[in-house]
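First the proteins, then the strands, lettered A, B, ... as listed; each starts at 1. Side chains are part of it too, since the values below use all heavy atoms of this structure and drop only hydrogens, waters and symmetry mates.
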Amino acid sequence: MSKLLEVENLWVKFPTRNGVFDAVRGVSFSLGQERLGIVGESGSGKSMTGRAILRLIRPPGMIEADKMELEGVDLLGRSEREMRKVRGQQISMIMQDPKFSLNPVMRVGAQISEAYRLHAKVSKKEAKRKAIAMLEAVAIRDPERVYRMFPHEVSGGMGQRIMIAMMLIPDPKIMIADEPTSALDVSVQMQVLEIMDKLVKDRGMGLIFISHDLNLVSSFCDRVLIMYAGRVVETLPADKLHEAQHPYTRGLLNSLPRLDAPKERLDVLQRDPAWATEESVSG
Amino acid sequence: MSGIEIEGLNVWFGEYEERVDAVKNAKLSVPKGGSFGLVGESGSGKSTILRAIMGLAPTWSGKIDILGKPVETPRSRDFYRAVQMVFQDPYASLHPRHSVDQVLSETLSLHGFKDIDTRISKLLDDVGLGPSFRFRYPHQLSGGQRQRVAIARALAPEPQILLLDEPTSALDVSVQAEILNLLTDLRAEHKLTYLMVSHDLAVVGHICHDIAVMQLGEIVETLGVEDMRAMRTEHPYTKHLLESSLQSAAR
Ligand SMILES: Nc1ncnc2c1ncn2[C@@H]1O[C@H](COP(=O)(O)OP(=O)(O)OP(=O)(O)O)[C@@H](O)[C@H]1O
Ligand SMILES: Nc1ncnc2c1ncn2[C@@H]1O[C@H](COP(=O)(O)OP(=O)(O)OP(=O)(O)O)[C@@H](O)[C@H]1O
Ligand SMILES: [Mg+2]
Ligand SMILES: [Mg+2]
């Protein structure tokens with residue numbers, strides 16, 4: 001399998017009043033034409049890992065790594081201008097806060113067709129047709145109407161799907177999807193996942209799928225990295241997620257509520273300080 | 001006494017051919033101290049029902065009674081003390097230039113609390129955020145941490161009714177378990193009333209006694225949690241929703 005992305009010893013650091021806070025601490029992994037899941041508790045550094053790959057960490061935050069390469073070519077040394085090209089064309093990211101990433105004063109449709117016209121030299125009319133087709137592809141019921149709406153007028157799940165539609169435009173080599181389906185009901189979720197799956201299978205895209213939904217990651221992804229306190233504590237084939245060994249991963253699995261097995265109180269994770277100091281494993 | 005009583009609720013946006021009927025003739029009733037779930041298709045009007053209760057829907061008709069009294073327009077300060085909402089989109093609902101401390105102290109002083117400092121520590125502790133988060137700004141927080149700030153803010157005025165729009169969808173399962181246990185405890189201690197939207201039926205099943213299923217602006221079925229677990233349902237859409245949820249959990 002050819003490597004699309006290689007990351008070695010990645011650190012993301014934020015200087016704060018009380019010294020430097022390390023949000024990501026020495027993460028290493030590689031990505032091929034596959035679906036790589038990242039799970040882990042809130043604040044464990046999943047989003048920062050994704051953003052660091054695109055060099056989207058706001059100053060004073062800093063990125064350090066021994067190696068960060070896209071198809072064998074270094075990403076760390078590229079100029080900001082070159083990075084903008086990478087972001088527009090080679091690596092797409094679906095942000096965790098979909099509506100925040102849309103322009104609030106521009107209609108949804110105009111944003112999608114504009115993005116499309118930046119990518120493909122087509123007429124306005126053609127871009128509109130394409131934009132509506134994309135809204136339809138992400139299972140939006142009334143694409144013509146949604147095309148004319150402003151971001152604040154769409155529902156949470158519609159916002160997520162609009163972001164997904166936009167990120168599909170450039171036909172990226174790598175897609176980083178940060179909680180892309182967290183607001184979607186299961187049936188719509190399935191349709192959206194199918195679209196991403198197709199890109200991986202048919203076009204050889206690499207997908208980094210950040211999610212807290214363990215069942216979903218286990219059934220949808222090929223491999224999973226489990227993060228804790230900025231490190232990768234375990235890596236597994238996704239379908240073996242339920243056989244995970246690390247006590248943190250086991251704790252995560254046990255805290256899920258179940259429709260078929262109700263209980264008064266849910267188990268909560270007992271965090272062991274030792275987990276935070278273990279060596280990061282490589283994925 | 002009833003906590004929330006809604007009947008014949010219609011909410012629409014726009015006029016003439018642009019008009020969208022987001023909620024059509026909705027009816028639901030949550031006793032005081034009860035816990036009610038809204039599930040259904042994306043875009044079916046779940047958030048809109050909560051927003052209408054909060055006075056955030058521009059055009060609506062029908063009956064909305066809170067704690068036995070019809071709501072006033074605009075809503076009074078007493079209303080906002082009694083009824084709080086956790087929004088689906090925590091980033092948008094937190095002011096980008098206000099620190100966690102500012103967000104919480106503002107809410108607390110608006111509602112006339114005095115011991116603000118101790119209350120802030122307690123609230124942060126309740127939602128599992130340590131004191132180190134107190135002076136952070138929204139962009140310095142992860143998605144789940146922002147959501148917990150939003151929950152803390154909603155709890156600050158000690159409301160009697162909480163409207164929760166996907167309160168845990170941005171949270172990983174371990175924090176989700178902590179928040180769900182907190183919600184269970186609060187309801188037991190203070191007889192809180194919940195109206196909760198979630199796409200996760202296991203979460204709704206854990207918290208709620210009664211569940212309404214929405215599709216295309218309408219409540220197509222209301223059922224008890226036991227019926228939901230046992231798949232005793234009348235409506236094909238409910239059946240579909242339950243089947244796909246159980247499948248995805250069993251995978
Ligand atoms: N600008 C900043 N300054 C200081 N700390 C920050 C800043 N931005 C993020 N952090 C911290 O970095 C850590 C990792 O954040 P990240 O957003 O990657 O978490 P996450 O794993 O995506 O969590 P979630 O599931 O809640 O979205 C968090 O503890 C967060 O508070
Ligand atoms: N301000 C607005 N102007 C026009 N239409 C709106 C506005 N707000 C909501 N709508 C429309 O009302 C419908 C219901 O939206 P709502 O946000 O209630 O859905 P939802 O059930 O919460 O969906 P989700 O699960 O995706 O969050 C959608 O079609 C939406 O586009
Ligand atoms: Mg995140
Ligand atoms: Mg909603």
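Under a 3.5 Å cut-off, the side chain of A:R35 and the backbone N or O of A:F209 do not form any donor-acceptor pair. The backbone N or O of B:D117 lies less than 3.5 Å from a partner atom in the side chain of B:S121, making a donor-acceptor pair. Between the side chain of A:H212 and the backbone N or O of B:S169, at least one donor-acceptor pair lies under 3.5 Å. Side-chain atoms of A:R231 come within 3.5 Å of backbone N or O of A:E278 as a donor-acceptor pair.
The greatest number of non-hydrogen atom pairs below 4.5 Å with chain B, out of A:L252, A:D239, A:L269, is found for A:L252. Ranked by heavy-atom pairs shorter than 4.5 Å toward chain A, the options B:D185, B:L242, B:V225, B:D172 are led by B:D172. When the candidates A:G251, A:G157, A:G45, A:S255 are compared by the number of heavy-atom contacts under 4.5 Å with chain B, A:S255 comes out ahead. Interface check for chain A: of the options B:L241, B:L171, B:V175, B:D200, the most heavy-atom pairs under 4.5 Å are formed by B:L171. Of the listed residues A:R265, A:R258, A:M158, A:Q96, the one with more heavy-atom pairs under 4.5 angstrom with chain B than any other is A:R265. Taking chain A as the reference chain and counting heavy-atom pairs below 4.5 Å, the highest number among B:A230, B:G45, B:G143, B:S198 is found for B:G143. Contacts with chain B were tallied for A:Q160, A:E179, A:R161; A:R161 has the most, counting heavy-atom pairs under 4.5 Å.
B:L201 touches chain A through backbone and side chain together, each having a heavy atom under 4.5 Å away. Looking at A:D267, only its backbone comes within 4.5 Å of chain B, counting heavy atoms on both sides. Of the two parts of B:E18, only the side chain, counted from C-beta on, holds a non-hydrogen atom closer than 4.5 Å to a non-hydrogen atom of chain A. Looking at B:S42, the atoms closer than 4.5 Å to chain A (heavy atoms on both sides) sit in the backbone and in the side chain alike. Interface residue B:E41: backbone and side-chain heavy atoms are both found under 4.5 Å from chain A. At a 4.5 Å heavy-atom cutoff, B:L141 makes no contact with chain A through either its backbone or its side chain. Both the backbone and the side chain of B:E178 come within contact range of chain A, with heavy atoms under 4.5 Å apart. Proximity to chain B (any heavy atom under 4.5 Å) is shown, for A:I140, by neither the backbone nor the side chain. Both the backbone and the side chain of B:S174 come within contact range of chain A, each with at least one heavy atom under 4.5 Å from a heavy atom of that chain.
When all heavy atoms are compared, the tightest approach of B:R232 to B:E226 is NH2-O, 3.8 Å.
In the model, A:D213 has no side-chain atom that pairs as donor or acceptor with a side-chain atom of A:S211 under 3.5 Å.
For CD of A:E194, the number of neighbouring non-hydrogen atoms (other residues, nucleotides, ligands) closer than 6.0 Å is 12 at most. Counted within 6.0 Å of CD on B:E189, heavy atoms from surrounding residues, nucleotides or ligands total more than 12; the atom is thus considered enclosed.
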With a 3.5 Å cut-off and sequence neighbours excluded, list the donor-acceptor pairs that the side chains of residues 202-215 of chain B form with protein atoms.
from, atom 1, to, atom 2, distance (Å)
B:H206, ND1, A:K263, O, 3.4

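By the 30° and 60° cut-offs, the orientation of the rings of A:F150 relative to A:H152 is parallel.
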